[in-house]
**Q** 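Dropping the structure in here first, questions after.
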Amino acid sequence: IPLLGVNRGHLGYLCELDEVSVFPAIGRLFSGDFEIEERMLLCGRLTDQEGQVLEDDLLALNDVVIRGRETLQVIRLSALVDGELLYEKDGDGMILATPTGSTAYNLSANGPIVDPTTEMIIMTPINPHTLFSRSIVLDAGVSIDISLVPRRRSGDEPVAVCFDGGRGIPLLPGQVLHVEKSGKTAPFVRLTRMNFLERVRVKIQAE
């Protein structure tokens, strides 16, 4: 089902309409005066130490967020890209964002703004416990494996994984979260001719 964003908040980088323009747009929708723009999705699954699937068919339009379930808890995450170790650092967690989600939590965590019509995966650490840590932009065709590295002998470090801000799925030591580009896409309704860069410029000047 095609989606049409209506901004009722402050920024709304990717929203076509606001509360004033939404009613005139209804006529254009019924007359078919619009275009459809396909956006990439992320999909994920959670497996245990034996490779048995615990959670599957998890989809995200904006982002996959891995972070501690308790306040002010530092966690250590390991990230493998296509089987090769890329990242193992302490911090509050990690964001795996789509181009559509680049202007959401990723932006708040100082991640890059990406044109939503492109296809890539943005890996942004959340408050990393290091002086030198930046977002990494990956090709959309890669496979990412995230695992929790225990920092305490007890292993009692509750970590949750959220797809688009949904329910927190526990991530335990020994388990692996697999994230990659989904074969599905999300259709968005386009009513205006304003391109992404123009929309970003307008939003920045409005702040």
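Only this structure's heavy atoms are used, side chains among them; waters, hydrogens and symmetry mates stay out.
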**Q** Leu4 versus Leu191: any side-chain heavy-atom pair under 4.5 Å?
**A**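 Yes; the side chains approach each other to less than 4.5 Å.
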**Q** So which heavy atom on Ser102 is nearest to which on Pro112, and how close?
**A** CB-O, 3.5 Å
**Q** Given Asn106, which partner from the list Thr98, Thr124, Val114 fulfils the side chain to side chain contact (heavy atoms under 4.5 Å, CB included) test?
**A** Thr124
**Q** Atom CD1 of Ile169 and atom SG of Cys162: how far apart are they, to the nearest 0.5 Å?
**A**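 Spacing of CD1 (Ile169) from SG (Cys162) equals 7.5 Å.
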**Q** What verdict does the side-chain hydrogen bond (donor to acceptor under 3.5 Å, both in side chains) test give for Asp115 and Thr117, after you've listed the backbone C-alpha separation in whole Å, the side-chain angles of each residue and the deciding distance to 0.1 Å?
**A** CA-CA 6 Å; Asp115 188 323; Thr117 60; 2.8 Å; yes
**Q** So do His129 and Lys89 actually touch side chain to side chain, heavy atoms under 4.5 Å?
**A** no
**Q** Regarding Thr47 and His178, is there a side-chain donor-to-acceptor distance under 3.5 Å anywhere?
**A** yes
**Q** Any heavy-atom pair between the side chains of Met94 and Tyr87 that's under 4.5 Å?
**A**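 Sidechains of Met94 and Tyr87: in contact.
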**Q** List the atom of Gly168, the atom of Ala160, and the distance in Å for their closest heavy-atom pair.
**A**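 Distance-wise, the nearest heavy atoms are CA-CB, 4.1 Å.
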**Q** Below 4.5 Å, heavy atoms only, C-beta onward: do Ile75 and Asp92 meet side chain to side chain?
**A** no
**Q** Side-chain contact, heavy-atom cut-off 4.5 Å: Gln175 with Ser147?
**A** no
**Q** Which atoms form the tightest heavy-atom contact between Gly141 and Asp139, and what is the distance?
**A** N-OD2, 2.7 Å
**Q** Within the side chain of Gln49, is there an N or O that forms a donor-acceptor pair under 3.5 Å with the backbone of Val176?
**A** no
**Q** Supply the atom-to-atom distance Leu85 CG to Leu80 CG, rounded to the nearest 0.5 angstrom.
**A**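 That separation rounds to 5.5 Å.
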**Q** Is Val64 reachable from Tyr105 through a run of I, L, V, M, F, W or Y residues, each pair having side-chain heavy atoms under 4.5 Å apart?
**A**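 In one cluster with Tyr105: Val64, no.
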**Q** Indicate, with yes or no, if Leu172 and Leu46 share a hydrophobic cluster defined by side-chain heavy-atom contacts under 4.5 Å among Ile, Leu, Val, Met, Phe, Trp and Tyr.
**A** no
**Q** Knowing that exactly one of Asp164, Val161, Ile126 qualifies, which makes a side chain to side chain contact (heavy atoms under 4.5 Å, CB included) with Val65?
**A** Ile126
**Q** Thinking salt bridges, do Glu88 and Arg76 make one under a 4.0 Å N-O criterion?
**A**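 No salt bridge links Glu88 with Arg76.
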**Q** Are the side chains of Met40 and Pro99 in touch, meaning some heavy atoms are under 4.5 Å apart?
**A**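 The answer is yes; the side chains approach within 4.5 Å.
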**Q** Can you name the one residue among Ile146, Leu171, Leu177 that meets side chain to side chain contact (heavy atoms under 4.5 Å, CB included) with Val159?
**A** Leu171
**Q** What is the distance from atom CE of Met123 to atom CG of Leu77, rounded to the nearest 0.5 Å?
**A**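 Reported to 0.5 Å precision, the distance equals 10.0 Å.
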**Q** Would the number of heavy atoms belonging to other residues, nucleotides or ligands and lying under 6.0 Å from CG of Asp48 be above 12?
**A** yes
**Q** Answer with yes or no whether the hydrophobic clustering places Val189 together with Val6; edges join I, L, V, M, F, W, Y residues whose side-chain heavy atoms lie under 4.5 Å apart.
**A** yes
**Q** Just how far is it from atom OG of Ser143 to atom CG of Leu138, taken to the nearest 0.5 Å?
**A**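 If we round to the nearest 0.5 Å, Ser143:OG and Leu138:CG are 11.0 Å apart.
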**Q** Hey, which of Asp56, Leu54, Asp57 is the one that makes side chain to side chain contact (heavy atoms under 4.5 Å, CB included) with Arg45?
**A**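 Single side chain to side chain contact (heavy atoms under 4.5 Å, CB included) partner of Arg45 among Asp56, Leu54, Asp57: Asp56.
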**Q** What's the verdict on side-chain contact (heavy atoms from CB on, under 4.5 Å) for Asn62 and Thr100, showing C-alpha distance, side-chain angles and the deciding distance?
**A** CA-CA 6 Å; Asn62 285 319; Thr100 299; 3.7 Å; yes
**Q** Any salt bridge linking Glu38 with Lys184? Criterion: basic side-chain nitrogen under 4.0 Å from a carboxylate oxygen.
**A** no
**Q** Measure the spacing between CZ of Arg167 and CG of Leu58 and express it to the nearest 0.5 Å.
**A** 7.0 Å
**Q** With a 4.5 Å cut-off on side-chain heavy atoms, are Thr185 and Leu41 touching?
**A** no
**Q** Kindly compute the distance separating CZ (Phe188) from CG (Leu61), expressed to the nearest 0.5 Å.
**A** 4.5 Å
**Q** Taking the side chain as every heavy atom from C-beta outward, state whether Ile95 and Ile122 have any atom pair closer than 4.5 Å.
**A**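 Side chain of Ile95 against side chain of Ile122, heavy atoms only: no contact under 4.5 Å found.
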